Amino acid sequence: MRNKEQEMAWRKVMEACMEDVKHHFDDIQQAIEFGYYIQPDNYFATYIFATDSQLETARQSGLTEQINSYHREQLIKRHYPIEGIKDCTFASQEECDREFGGNWYYYFK
């Protein structure tokens with residue numbers, strides 16, 4: 001049997017974590033999460049940069065590693081279940097617009 005209260009609690013932790021990360025790193029344009037919260041390890045979070053070049057610069061400078069580390073720290077701090085704490089991913093709005101008409105659902109499908 002599903003526990004809707006627990007699912008909502010996990011979702012709120014994930015949303016708070018992503019907000020924290022967005023506010024901590026100015027280069028992030030937005031954050032997106034997809035997943036089913038029946039199990040805490042069924043989510044993934046993606047941080048979005050505006051352009052392909054901004055994303056590439058972030059990768060080369062180590063910024064994406066810093067963001068990933070901070071993301072994981074925030075989940076731990078908020079007591080997200082350890083089996084659900086994993087690396088975040090990164091993308092650019094420019095690529096999603098170009099390849100999928102701005103539709104993130106199709107981007108991740």
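These numbers come from a predicted model, not from an experiment. For reference, positions follow the sequence shown, starting with 1.
Atoms OG1 and CG, from T57 and L63 in turn, are 9.5 Å apart once rounded to the nearest 0.5 Å. For the atom pair CD1 (I48) and CD1 (I28), the distance works out to 9.5 Å, reported to the nearest 0.5 Å. Rounded to the nearest 0.5 angstrom, Y47 OH and T64 OG1 are separated by 13.0 Å. Distance check: D97 CG to N103 CG gives 10.5 Å after rounding to the nearest 0.5 Å.
Q74 and C17 make their closest contact through CB-SG, 3.6 Å (heavy atoms, listed as atom of the first residue, atom of the second, distance). Nearest heavy atom pair, residue A45 against residue M18, reads CB-SD, 3.8 Å. When all heavy atoms of G102 and Q93 are compared, the pair lying nearest together is CA-NE2, 4.3 Å.
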Evaluate L75 against M14 for side chain to side chain contact (heavy atoms under 4.5 Å, CB included), listing each step before the verdict.
CA-CA 7 Å; L75 289 173; M14 183 58 56; 3.7 Å; yes

Run the side chain to side chain contact (heavy atoms under 4.5 Å, CB included) test on E56 and Q60 for me, step by step, so that the C-alpha distance in whole Å, both residues' side-chain angles and the decisive distance to 0.1 Å come before the verdict.
CA-CA 6 Å; E56 185 57 31; Q60 290 176 357; 3.0 Å; yes

Before giving the answer on side chain to side chain contact (heavy atoms under 4.5 Å, CB included), spell out for I85 and H71 the whole-Å C-alpha distance, their side-chain angles and the decisive distance to 0.1 Å.
CA-CA 9 Å; I85 297 175; H71 166 83; over 6 Å; no

Run D87 and R72 through side chain to side chain contact (heavy atoms under 4.5 Å, CB included) and show every step you take.
CA-CA 7 Å; D87 292 343; R72 293 172 66 93; 3.1 Å; yes

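Using a 4.5 Å cut-off on side-chain heavy atoms (C-beta onward), D20 and K77 make contact. Between Y106 and E99, the closest side-chain pair of non-hydrogen atoms is not below 4.5 Å. Residues C88 and F44 are not in side-chain contact: their nearest non-hydrogen atoms beyond the backbone lie 4.5 Å or more apart. Annotation: side chain of W104 is in contact with side chain of Q30 (closest heavy-atom distance under 4.5 Å). Residues H23 and E19 have side chains in contact (heavy-atom distance under 4.5 Å, counting atoms from C-beta outward).
With hydrogens and angles disregarded, no donor-acceptor distance shorter than 3.5 Å links the side chain of S69 to the backbone of Q66.
Between E65 and R59 there is no salt bridge, since no side-chain nitrogen of the basic residue lies less than 4.0 Å from a carboxylate oxygen of the acidic one. A salt bridge between K12 and E15 is absent, with no side-chain N of the basic residue lying under 4.0 Å from a carboxylate O of the acidic one.
No side-chain N or O of Q54 forms a donor-acceptor pair with one of Q29 less than 3.5 Å apart. Side chain to side chain, T89 and T46 meet the donor-acceptor criterion of an N or O pair below 3.5 Å.
By the 6.0 Å contact criterion, CZ on F100 is enclosed, its count of non-hydrogen atoms from other residues, nucleotides or ligands being greater than 12. Summarising the local packing, NZ of K86 is surrounded by more than 12 heavy atoms from other residues, nucleotides or ligands at distances under 6.0 Å. Other residues, nucleotides and ligands contribute at most 12 non-hydrogen atoms within 6.0 Å of the CD atom of E5.
Using the six-membered ring where Trp is involved, Y80 and Y43 have ring planes that are perpendicular, over 60° apart on the 30 and 60° scheme. Between F90 and F49, the ring planes lie tilted relative to each other; the angle falls in the 30° to 60° range.
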